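Note that the structure is predicted; figures quoted are calculated from it, not measured. Order of appearance sets the numbers: ligands from 1, and atoms from 1 within every ligand.
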Amino acid sequence: AKGAGKGDWKRYRPDLQTAMIERSALRQALHEAVEREQFVLHYQPIVDLLAGAVVGVEALVRWQHPERGLLGPYHFIELAEESGAIVGIGGWALREALHRCVRWQRDDPAAAPAYVSVNVSARQFRRPDFVGQVRAALDGTGAAPAALLLEITESLVLHDTEQVLADLRELRGLGVRIAIDDFGTGYSSLSYLRHLPVDVLKIDKSFIDDVVHSDRQAALVAAIVTLARDLGLTVVAEGIEDAGQRAALIGMGCPYGQGYLFSKPVPPEQVPATITATVAA
Ligand code: C2E
Ligand code: CA
Ligand code: CA
Ligand code: CA
């Protein structure tokens, strides 16, 4: 607890002490993990809800830790954000995802996703050279700008500066699309959206969880879908786990979704097969 001496803390909270030591070891390891090529990306299909066809994939990072095995973002993203390691991890993820997208399209265009969606942390986006990094990643891999969707958080645009808006415009000028991730969790007013240079809203899983059983959640999701359409934005619903949720979303006119109903995130080698199989879902 705050104010307690170090001795007291050691005596009463050995578990906490262990956690802090582990945390600092993890922080150190994180900083070396990019260079040691310990990160991998898994990909989750984004599906046309009505047709069942895969339209794109979201790249989701995993850490192949030498002792602990494959760690999901839950175990390290927060620490990476806080320590700044996320800037290197995110830059790597961007290049890797684009590189992969180009290979899929070259190897088997029929089973290749049309675009890859890449998560960008606020800290990474705010770097003065971020737009330049995106341009370099596109040039370096030969990927078409239209094959890239960047997922940014609501809080980044909520606390927007002129610089954030200018960068968003510049990225869109290149032909890259922008999504607001976890939409609905950041308390932005819906009318605020009107002024944002973005293309896609991703409705957070927490809203989809109760979309069948809560009239309130359903009304909220329906309102977001309608508003998005009026503003000319595309909508993707996250975390669809059952057919009832899919049907409810289709009923609301939500065009796209992703979730375990269609596929969990899979390693890159499995993406073409997953795409071929998902059309039948
Ligand atoms: P997110 O961007 O909201 O990604 C969706 C998360 O929900 C993923 O978790 C995905 O595996 C999971 N998910 C998808 N469908 C379902 C479903 O039907 N049911 C359930 N229960 N979960 C589902 P994951 O892969 O653990 O990623 C967690 C978060 O870590 C992501 O949330 C994102 O915020 C962050 N993250 C992942 N990769 C990156 C990255 O490269 N850069 C940055 N900055 N953040 C990343
Ligand atoms: Ca995301
Ligand atoms: Ca989410
Ligand atoms: Ca997120």
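Atom OE2 is the N/O/S atom of Glu58 found closest to the Ca ion (ligand 2). The name of the N, O or S atom in Asp181 nearest to the Ca ion (ligand 2) is OD2. Of all the N, O or S atoms in Asp182, the one closest to the Ca ion (ligand 3) is OD1. Its N, O or S atom nearest to the Ca ion (ligand 3) is what matters here, and for Asp204 that atom is OD1. The N, O or S atom of Glu238 with the smallest distance to the Ca ion (ligand 3) is OE1.
For the residues Ser263, Gly72, Pro73, the heavy atom positioned nearest atom 29 (C) of ligand 1 is part of Pro73. Across Arg123, Glu241, Lys264, Gln245, heavy-atom proximity to atom 19 (N) of ligand 1 is greatest for Glu241.
By the criterion of a heavy-atom distance under 4.0 Å, neither the backbone nor the side chain of Asp204 is placed next to ligand 1. Neither the backbone nor the side chain of His42 has a heavy atom within less than 4.0 Å of ligand 1. Within the 4.0 Å heavy-atom criterion, neither part of Leu41 lies near ligand 1. Heavy atoms of Gln258 found under 4.0 angstrom from ligand 1: none, in either backbone or side chain. The proximity of Leu60 to ligand 1, defined as any non-hydrogen pair under 4.0 Å, involves the side chain as well as the backbone.
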Could you go through residues 108-118 and list every donor-acceptor pair under 3.5 Å that involves a side-chain atom there, pairing it with any protein atom two or more places apart or in another chain?
from, atom 1, to, atom 2, distance (Å)
Asp108, OD1, Ala110, N, 3.4
Ser117, OG, Glu151, OE2, 2.6

Side-chain donor-acceptor contacts of residues 82-95 below 3.5 Å, not counting sequence neighbours, with atom names and distances?
from, atom 1, to, atom 2, distance (Å)
Glu82, OE1, Arg23, NH2, 2.7
Glu82, OE2, Arg27, NH2, 2.7
Ser83, OG, Leu79, O, 3.1
Ser83, OG, Ala85, N, 3.3
Arg95, NH1, Gly91, O, 3.3

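Salt-bridge check for Arg172 with Asp199: passed, with a basic side-chain N closer than 4.0 Å to an acidic carboxylate O. Salt-bridge formation is detected for the pair Lys205/Asp209: a Lys NZ or Arg NE/NH1/NH2 atom is positioned less than 4.0 Å from an Asp or Glu carboxylate oxygen. Taking the charged nitrogens against the carboxylate oxygens, Arg68 and Glu22 do have a contact shorter than 4.0 Å, which makes a salt bridge.
Side-chain contact between Leu150 and Leu171 is present, with at least one heavy-atom pair separated by less than 4.5 Å. Glu154 has its side chain within reach of Thr185: a pair of non-hydrogen atoms, C-beta onward, lies under 4.5 Å apart. Put simply, the side chain of Leu50 does not reach to within 4.5 Å of the side chain of Tyr256, judged on heavy atoms.
Put simply, part of Glu58 is less than 4.0 Å from ligand 1, judged by heavy atoms. Within the structure, ligand 1 has Gly239 among the residues with a heavy atom less than 4.0 angstrom away.
Among the atoms of Glu81, none of the N or O lies under 3.5 angstrom from an N or O of ligand 1.
Per-residue contacts place Pro265 under 4.0 angstrom from the following atoms of ligand 1 (heavy atoms of the residue considered): 11 (O). Atoms of ligand 1 lying under 4.0 Å from any heavy atom of Gln44, numbered from 1 in the order shown and given with element: 14 (C), 15 (N).
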Could you go through the side-chain hydrogen bond (donor to acceptor under 3.5 Å, both in side chains) check for Gln44 and Gln258 one step at a time?
CA-CA 7 Å; Gln44 185 177 41; Gln258 64 190 105; 2.8 Å; yes
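Results of the side chain to side chain contact (heavy atoms under 4.5 Å, CB included) test with Leu49 over Val236, Leu249, Leu261 single out Leu249 as the only residue that passes.
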